[in-house]
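In what follows, a structure is listed as structure tokens, so that the remarks can point back to it.
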Protein chains: 2
Amino acid sequence: MAGDPPKRRGRPPAGGREAILAATLELVRERGVARLTTRDVADRAGVSEASVYYHYRDKAGLLSAVFESGLEPLRAVGDRGLSADGERAEVLTTLARPLEQFLDQALPVLMAAQSDAQLREQLAGYMAENDLGPHRGVRALGAYLAAEQKAGRVLADIDPEAVAFLLVAACFLRAAQRQIMGTVAEREPLPSLERTVQTLDRLLRPAPER
Amino acid sequence: MAGDPPKRRGRPPAGGREAILAATLELVRERGVARLTTRDVADRAGVSEASVYYHYRDKAGLLSAVFESGLEPLRAVGDRGLSADGERAEVLTTLARPLEQFLDQALPVLMAAQSDAQLREQLAGYMAENDLGPHRGVRALGAYLAAEQKAGRVLADIDPEAVAFLLVAACFLRAAQRQIMGTVAEREPLPSLERTVQTLDRLLRPAPER
DNA sequence: GTCTATAGGTTGATAGAC
DNA sequence: GTCTATCAACCTATAGAC
């Protein structure tokens, strides 16, 4: 985003900071925050415990950093407009699938934060400050659908954002089911993304095309 | 549900067990599991800490009980069939709103369990055993929509379960946004339930009725 | 920037009397 | 069934040397 300065003075960073962050993220996803100890973070990162406290003031600071890095990909959504080329079902899928993949990464962190009121508020504050949230996906997808509607390819008298919301929600629930029910989710599968997109695409077609 | 036995022998229960469970549920919702201590549970329930361990073997046992009581209302969904009377939009709303209300209660508990891998597995196991999960809502709503389709009131060539899934997912995401983003969610509102149902209802209408 | 060592505080769980 | 008292384990965070 911001171009890095051309040359750097002084001793180059040893990478300890990044290793700690990565280790924390791994452990949170594996065991959950509740079982996260600074000791284990230090062990996995290959540094000492004190080093963790040197780079991140305290455990809360460390977790803040984890949230921010975990949510970072969401900024991209809505920044780049949707490329409106190709079949509509295809366009919808190319938005929905990355969204679902992002959620698979982010949900463990988002949900982990719900286990502690203080963390929860921290996270909510961060999301508010940076305008992050599901509305981002809804807006982006809604704009595309509104354009389709203007072009006469979508039923005239419906709310594009409501439809966008339905699709974003579908991605969310699919990811959430995987997160909450784990592998057991496969025994009671929800409709696939393809089937869902297909159905939605069909529903959107204006009367003459049916 | 099951009629209680007419008479009970021995000393009547003092209600301590229920008080402990209720106190735990309250505290989990307020502070999150991470900040939950058996000490605070005992204090709020008005009993001693040892009493907690008497009734529930250990902390994990206590939390299991909390999960089960928190998810209990979900059993009802899908057990009672949908009353298919009235306007369709109205029927959809009368299913969706209670679902969302249930989720507002259950999500804090569901998400809290994600903070600990052991709890997460425990919860997933319980849900699997009792056939609980989002598919329950999808099935129930899907059956209603399939009937509507058979009666010619829904577009013929779409998958009713995929549509049901969209609506259930919408409820889920709305509840999840409230849970994750808290009061901040109100600044970036998602489409309302009414608007969503209305839009979906309109999309479903077969061509002649448009 | 990174280490070792340790202080200081919290918590889950048990023992044993009532 | 409920209590008081207590322990052993664990974990965050800091101090101070290199």
Side-chain angles (χ1 to χ4, degrees), chain A residues 5 8-28 30-67 112-113 115-122, chain B residues 8-28 30-67 112-113 115-123:
Chain A
R8 203 189 273 274
R9 287 176 193 251
R11 188 174 178 176
R17 194 181 169 89
E18 291 70 27
I20 292 167
L21 194 64
T24 309
L25 197 54
E26 277 178 37
L27 286 173
V28 166
E30 284 174 26
R31 311 184 185 169
V33 263
R35 297 290 177 92
L36 183 80
T37 70
T38 52
R39 187 172 308 219
D40 291 337
V41 168
D43 285 352
R44 181 164 304 201
V47 300
S48 78
E49 227 179 324
S51 206
V52 174
Y53 284 91
Y54 173 80
H55 286 293
Y56 304 91
R57 161 177 288 281
D58 53 18
K59 203 184 176 186
L62 177 59
L63 288 172
S64 288
V66 169
F67 293 152
S115 66
D116 183 322
Q118 198 174 318
L119 290 180
R120 184 168 52 210
E121 283 175 33
Q122 222 170 73
Chain B
R8 203 189 271 274
R9 287 178 195 251
R11 187 174 178 174
R17 194 183 171 88
E18 290 71 28
I20 293 168
L21 194 65
T24 308
L25 196 55
E26 277 177 37
L27 286 172
V28 166
E30 283 174 27
R31 313 182 185 170
V33 262
R35 298 291 177 90
L36 183 80
T37 69
T38 53
R39 191 159 303 198
D40 290 337
V41 168
D43 285 351
R44 181 164 304 202
V47 301
S48 79
E49 223 178 326
S51 206
V52 174
Y53 284 92
Y54 173 81
H55 286 294
Y56 304 91
R57 161 176 290 283
D58 53 17
K59 204 184 176 184
L62 176 60
L63 288 172
S64 288
V66 168
F67 293 153
S115 65
D116 184 323
Q118 197 174 319
L119 290 180
R120 183 168 53 210
E121 283 175 32
Q122 221 172 74
L123 176 67

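Each chain gets a letter, A, B and so on, in the order the sequences are listed, and its residues count up from 1.
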Step by step, would you call A:Asp116 with A:Val33 a side-chain contact (heavy atoms from CB on, under 4.5 Å)?
CA-CA 9 Å; A:Asp116 183 322; A:Val33 263; over 6 Å; no

CG of B:Leu123 to CG of B:Leu63: how many Å apart, nearest 0.5 Å?
11.0 Å

Nearest-0.5 Å distance that lies between atom OG1 in A:Thr38 and atom CD1 in A:Ile20:
10.5 Å

Starting at [atom1] of [X] and ending at [atom2] of [N], how long is that distance when rounded to a whole Å?
| X | N | atom1 | atom2 | result |
| --- | --- | --- | --- | --- |
| B:His55 | C:dA13 | NE2 | P | 16 Å |
| A:Tyr54 | C:dT2 | OH | P | 8 Å |
| B:Tyr56 | C:dG12 | OH | P | 16 Å |

Taking salt bridge (charged side-chain N to carboxylate O under 4.0 Å, His left out) as the cut-off, I'd like each qualifying pair that reaches into residues 38-53 of chain A, sequence neighbours left out, listed once.
A:Glu26-A:Arg44, A:Glu30-A:Arg44, A:Arg31-A:Asp40

Sequence neighbours excluded - side chain to side chain donor-acceptor pair (under 3.5 Å) pairs with any residue from residues 56-66 of chain A:
A:Ser64-A:Gln122

Considering all heavy atoms of both residues, which atom of B:Leu21 and which atom of B:Leu62 are nearest to each other, and what is their separation?
CD1-O, 4.5 Å

Show each protein N/O and nucleotides 10-17 of chain D N/O combination with a separation under 3.5 Å, one pair to a line.
unit_1	atom_1	unit_2	atom_2	d
D:dT12	OP1	A:Leu36	O	3.4
D:dT12	OP1	A:Lys59	NZ	2.7
D:dT12	OP2	A:Thr38	N	3.0
D:dT12	OP2	A:Thr38	OG1	2.9
D:dA13	OP2	A:Tyr53	OH	3.0
D:dA13	OP2	A:Lys59	N	2.9

Touch check for A:Ser51, heavy atoms < 4.0 angstrom, all strands: base, sugar-phosphate only, or nothing?
sugar-phosphate

